[in-house]
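Below is one structure, written out as structure tokens; the observations come after it.
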Amino acid sequence: MTKLTGILGFPLSHSVSPIFQQAAMDYYGLDVRYMVWDTPPESLGDQIRKLRSRDVLGFNVTVPFKQVVIPYLDEVSPEAAVIGAVNTVVIKSDRMIGYNTDQTGFIKALREHGGMDPQGKRALLLGAGGAASAVGYALIQNGASFLVIANRTIERAHRLALELELLSGYSIPAVSLNKEDLSWYLNQEEPIDLLVNCTTLGMSHSSEMHNEPIGRGLIPGSALICDLVYNPLETPLLHSAREVGARTLCGLPMLIYQGASAFRLWTGLEPPVEIMFKAAYSHLE
Ligand code: NAP
């Protein structure tokens with residue numbers, strides 16, 4: 001019988017996961033279909049009940065459900081519990097188990113495609129949702145020496161900063177996304193090494209596709225500028241970063257590595273990473 005996996009989010013028109021996950025399933029000749037479960041927030045509970053069927057191996061979770069999905073699950077991994085966000089669910093014997101593969105995916109992308117070891121690095125994170133939480137956790141676990149959280153909703157930035165302080169043992173400032181607050185941290189004697197956009201700004205097929213989370217004049221030219229948004233490959237932020245001479249890292253490598261870990265959790269097979277990259281690049285280009 002054909003098994004199912006898929007992605008749960010809203011809206012999902014920008015998502016590339018169906019392309020490269022299906023390519024990985026087909027590579028092994030698995031009778032598995034990767035579905036798109038576009039789910040308005042008010043239908044989340046009903047949709048999850050439907051997915052508790054024996055034909056579903058598990059699913060990915062994306063915007064805006066990574067945090068709110070947790071109460072619907074039977075169990076979450078220790079990392080997902082600390083991060084407070086789940087991006088991969090495995091269904092085993094009717095039990096839904098949540099994982100967070102964004103954090104390992106981010107570090108692998110940073111090391112292998114951004115050429116940066118996070119040990120001792122100073123980072124500015126834009127955003128305070130599920131992705132920012134995973135990136136903050138990953139940076140602290142891998143030795144980052146300083147973090148600042150900047151978010152449109154300042155209360156959410158404070159909440160995330162407090163949670164991450166418990167992990168890091170050092171103080172983590174929380175600021176808004178306005179120019180004055182950001183400039184202060186960007187003009188310190190010790191420069192920021194890494195800036196990561198963890199907001200949804202710049203995402204194609206959205207009303208915010210032409211928007212940048214930070215003005216061009218503020219982009220630190222000596223830092224690595226990373227955008228978690230992967231569609232388009234060059235977001236407005238990465239375009240500006242390239243123009244000011246900064247190094248850039250697009251969101252696609254992280255997407256593939258978090259997806260590769262999800263594939264391994266669902267199938268127990270080694271993910272065909274090159275096939276996954278090739279499928280995603282040819283779709284996006
Ligand atoms: P989320 O939990 O819904 O958080 C969204 C974030 O974006 C919040 O910080 C929110 O700020 C901010 N935001 C939304 N609209 C904004 C606006 N108009 N102006 C300023 N800030 C705004 O989403 P998420 O799960 O963290 O995902 C965030 C992004 O990362 C998405 O684009 C997602 O596709 C991407 N992502 C990529 C990968 C990858 O593998 N490349 C992995 C994970 C996530 P407020 O708190 O003020 O609402």
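Indexing begins at 1, ligand by ligand and atom by atom, following the structure's order. Side-chain atoms are counted along with the backbone in the values below, which use heavy atoms only and exclude waters and symmetry mates.
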Identify the protein heavy atom lying closest to [atom], giving its residue, its atom name and the separation to 0.1 Å.
atom                    : value
atom 18 (N) of ligand 1 : E208 OE2, 3.0 Å
atom 9 (O) of ligand 1  : N151 OD1, 2.7 Å
atom 27 (O) of ligand 1 : V63 CG2, 3.5 Å
atom 4 (O) of ligand 1  : G129 CA, 3.6 Å
atom 47 (O) of ligand 1 : T153 OG1, 2.5 Å
atom 37 (C) of ligand 1 : L228 O, 3.1 Å

Considering the heavy atoms of [X], write down every atom of ligand 1 situated less than 4.0 Å from one of them.
X    : result
G127 : 9 (O)
Y230 : 41 (N)
V229 : 32 (O)
G130 : 2 (O), 26 (O)
L177 : 20 (C)
M203 : 32 (O)

Nearest 0.5 Å, please: how far is CD1 in I225 from CD1 in I214?
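Separation between the atoms: 7.5 Å.
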S133 side chain to I83 backbone, donor-acceptor under 3.5 Å
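Yes; at least one donor-acceptor contact below 3.5 Å.
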Search all heavy atoms of R216 against all heavy atoms of V244 and return the closest pair with its distance.
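Where R216 meets V244 most closely, the heavy atoms are CG-CG1, 3.9 Å.
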Closest non-hydrogen atom pair, D193 against G120:
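Scanning both residues completely, I find the closest heavy atoms to be OD2-O, 4.4 Å.
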For ligand 1, indicate whether the residue [X] contacts it via side chain, backbone, both or neither (heavy-atom separation under 4.0 Å).
X    : result
C198 : backbone
A131 : both
D102 : side chain
N211 : neither

At the 4.0 Å heavy-atom cut-off, does A128 count as touching ligand 1?
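Distance cut 4.0 Å: A128 passes for ligand 1.
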Assess whether a salt bridge exists between K3 and D31, defined as any Lys/Arg side-chain N lying under 4.0 Å from an Asp/Glu carboxylate O.
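Salt bridge between K3 and D31, a charged N being under 4.0 Å from a carboxylate O: no.
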Pair D74 + R52, salt bridge at N-O below 4.0 Å
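R52 and D74: salt-bridged.
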Heavy-atom proximity to [atom], best of [options]:
atom                    : options                : result
atom 44 (C) of ligand 1 : Q103, H14, K66, M254   : K66
atom 29 (C) of ligand 1 : D227, T199, L255       : T199
atom 8 (C) of ligand 1  : E212, R152, R156, R159 : R156
atom 13 (N) of ligand 1 : I149, T200, V68        : T200

Count the heavy atoms of every other residue, nucleotide or ligand shown that sit under 6.0 Å from [atom1] of [X], and state whether that count exceeds 12.
X    : atom1 : result
F10  : CZ    : yes
E42  : CD    : yes
H205 : NE2   : yes

Side chains of [X] and [Y]: do they bring a donor and an acceptor to under 3.5 Å?
X    : Y   : answer
Q258 : N87 : yes
T5   : Q21 : no
N60  : Y34 : yes

Between ligand 1 and P64, is the shortest N or O to N or O distance under 3.5 Å?
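No; every N/O pair is 3.5 Å or more apart.
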Do R264 and L269 make a side-chain contact, defined as non-hydrogen atoms from C-beta onward lying under 4.5 Å apart?
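With C-beta onward as the side chain, the pair stays apart.
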